[in-house]
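Reading through the structure tokens given below for one structure.
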Amino acid sequence: MPERVFGHIPAYPEGSRFESRAELSEAGVHRPLIAGISGSEKEGADSIVLSGGYEDDEDLGDEVVYTGHGGRDAESGRQVAHQRLTRGNLALAHSSIEGLPVRVIRGANLVSQYAPRSGYRYDGLYLVDDYWHAEGRSGFRVWRLPVVCC
DNA sequence: TCCATGCGCGGCC
DNA sequence: GGCCGCGCAGTGG
């Protein structure tokens, strides 16, 4: 497995389009096939996908309030527990502290005027501005991570 | 080890 | 043709 890359993947400039998560993964733009956050707790996060999977996401175009992962029931996909600051959530927090760039990808399933019509689109580098936890729509605590265009 | 913001397919309208 | 729900697959963090 190649080393984690922070920043642009040279062969895929901002605006590059992908048919599927498998294509994104092969390109190295976002490796995980399902998970929305790529990263490690020690190194930080290198990319995220916005695909409408979490109800608390907000997309303002040059700013996105991304929701952390975890706390969901595997079958229903509904939030059934508090999220913790571990795994991908902690990776993003680390990126925030270190000021590391994060590749942002939008998918067609995202409910936003900035979502692509189909497939996935690489929308460039963002910085994780901050992170805090708050009660989400479900009533459970979710991590909120505003990322801003840079 | 477990989890993760998929995906194709068949049924239905 | 589009939407929805089911079930499965399979890799990286």
Side-chain angles (χ1 to χ4, degrees), chain A residues 1-7 9 11-12 16-61 63-98 100-126 128-129 131-149:
Chain A
M1 172 174 71
E3 212 170 275
R4 183 181 312 288
V5 174
F6 292 89
I9 304 298
Y12 301 95
S16 295
R17 302 215 168 232
F18 303 86
E19 289 278 319
S20 64
R21 290 295 296 267
E23 261 192 28
L24 269 172
S25 182
E26 286 165 21
V29 174
H30 185 81
R31 288 225 183 77
L33 288 173
I34 302 176
I37 305 170
S38 174
S40 76
E41 297 184 350
K42 291 189 175 178
E43 295 176 277
D46 59 321
S47 58
I48 57 175
V49 173
L50 289 92
S51 191
Y54 279 80
E55 60 194 6
D56 296 305
D57 281 357
E58 290 175 41
D59 187 6
L60 310 173
E63 179 179 0
V64 169
V65 184
Y66 197 74
T67 307
H69 63 185
R72 300 206 302 181
D73 178 68
E75 289 182 25
S76 68
R78 288 169 55 185
Q79 208 69 36
V80 294
H82 294 311
Q83 290 184 348
R84 295 184 299 158
L85 191 59
T86 58
R87 298 173 176 246
N89 302 347
L90 187 52
L92 280 167
H94 190 96
S95 290
S96 177
I97 293 165
E98 299 293 325
L100 296 172
V102 177
R103 290 184 299 277
V104 169
I105 297 103
R106 285 186 175 88
N109 291 335
L110 177 66
V111 182
S112 157
Q113 61 175 305
Y114 306 102
R117 279 271 179 90
S118 65
Y120 298 86
R121 185 187 63 225
Y122 172 49
D123 282 338
L125 301 177
Y126 285 61
V128 185
D129 198 44
Y131 57 99
W132 67 85
H133 58 76
E135 188 175 296
R137 291 192 197 184
S138 64
F140 290 98
R141 188 178 68 224
V142 298
W143 281 91
R144 314 210 73 209
L145 303 118
V147 298
V148 297
C149 195

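Throughout, a chain's letter reflects where its sequence line sits, starting with A, and its residues are numbered from 1.
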Nearest heavy-atom pair of A/S95 and A/A45: which atoms, and what distance?
OG-N, 2.8 Å
Over how many whole Å does the gap from A/I37 atom CD1 to B/dA4 atom P extend?
10 Å
Angle between ring planes, A/F18 versus A/Y12, binned at 30° and 60°: parallel, tilted or perpendicular?
tilted
What nucleic acid atoms does A/R87 come within less than 4.0 Å of, heavy atoms only: base, sugar-phosphate, or nothing?
base
Find the distance A/Q79:CD to B/dA4:C1' and express it as a whole number of Å.
13 Å
Calculate the interatomic distance between A/E58 atom CD and B/dT5 atom P; express it in whole Å.
18 Å
With a 4.0 Å cut-off on heavy atoms, is A/S25 in touch with a base, just the backbone sugar-phosphate, or nothing at all?
nothing
Quote, to the nearest angstrom, the C1' distance that separates B/dC2 from C/dG10.
14 Å
Not counting sequence neighbours, list each pair that qualifies as a salt bridge (Lys or Arg N to Asp or Glu O under 4.0 Å) and has a residue in residues 43-52 of chain A.
A/R4-A/E43, A/R4-A/D46, A/D46-A/R103
Taking CG from A/L92 and C1' from B/dA4, how many angstroms apart are they, rounded to a whole number?
14 Å
Nearest-angstrom distance, P atom, B/dT5 to C/dG7
22 Å
Whether A/W143 and A/H133 hold their rings parallel, tilted or perpendicular, with breakpoints at 30° and 60°:
perpendicular
Check the distance between B/dG6's P and A/I105's CD1 and give it to me in whole angstrom.
11 Å
Residue-phosphate contact under 4.0 Å: A/S51 side-chain N/O, B/dG6 OP1/OP2
yes
Atom pair distance, as rounded to whole Å: CG in A/L24 and P in B/dT5:
14 Å
Using a 3.5 Å limit on both pairing distances, list the dot-bracket string of DNA chain C from the 5' end; Watson-Crick and G-U wobble pairs count, crossing pairs take [ ], interstrand pairs take |.
||||||||..|||
Does a side-chain N-to-carboxylate-O contact under 4.0 Å join A/R106 and A/D123?
yes
Nearest-Å distance, CG (A/L50) to P (B/dG6)?
11 Å
I'd like a table of atom pairs between the protein and nucleotides 4-10 of chain C - only N or O on both sides, under 3.5 Å - with the distance next to each one.
none

If you check the A/Y120 side chain, which of B/dC7, B/dT5, B/dC2 turns out closest?
B/dC7
Pair A/S112, A/D59: side-chain N/O donor-acceptor within cut-off below 3.5 Å
yes
Between A/R72 and A/F140, is NZ or CZ placed under 6.0 angstrom from the six-membered ring centre and within 45° of the ring axis?
no
The side chain of A/V49 is closest to which nucleotide in this list: B/dG6, B/dA4, B/dC3?
B/dG6
Could you please name the option among B/dA4, B/dC3, C/dG12 that lies closest to any side-chain atom of A/R31?
C/dG12
Heavy atoms under 4.0 Å, any strand shown: does A/N109 hit a base, just sugar-phosphate, or nothing?
nothing
Students often get this wrong, so: under 4.0 angstrom with heavy atoms, is A/G107 touching a base, only sugar-phosphate, or nothing?
nothing
Which of A/E19, A/H30, A/R21 passes side-chain contact (heavy atoms from CB on, under 4.5 Å) with A/Y120? Answer is A/R21
Figure out the NE2/P separation between A/H30 and C/dT11, and round it to whole Å.
16 Å
Checking A/V147 against A/V102 for the side chain to side chain contact (heavy atoms under 4.5 Å, CB included) test, could you report, in this order, the C-alpha distance in whole Å, the side-chain angles of both residues, the deciding distance, and whether it holds?
CA-CA 8 Å; A/V147 298; A/V102 177; 5.7 Å; no
Search all heavy atoms of A/L33 against all heavy atoms of A/S25 and return the closest pair with its distance.
CD2-CB, 3.8 Å
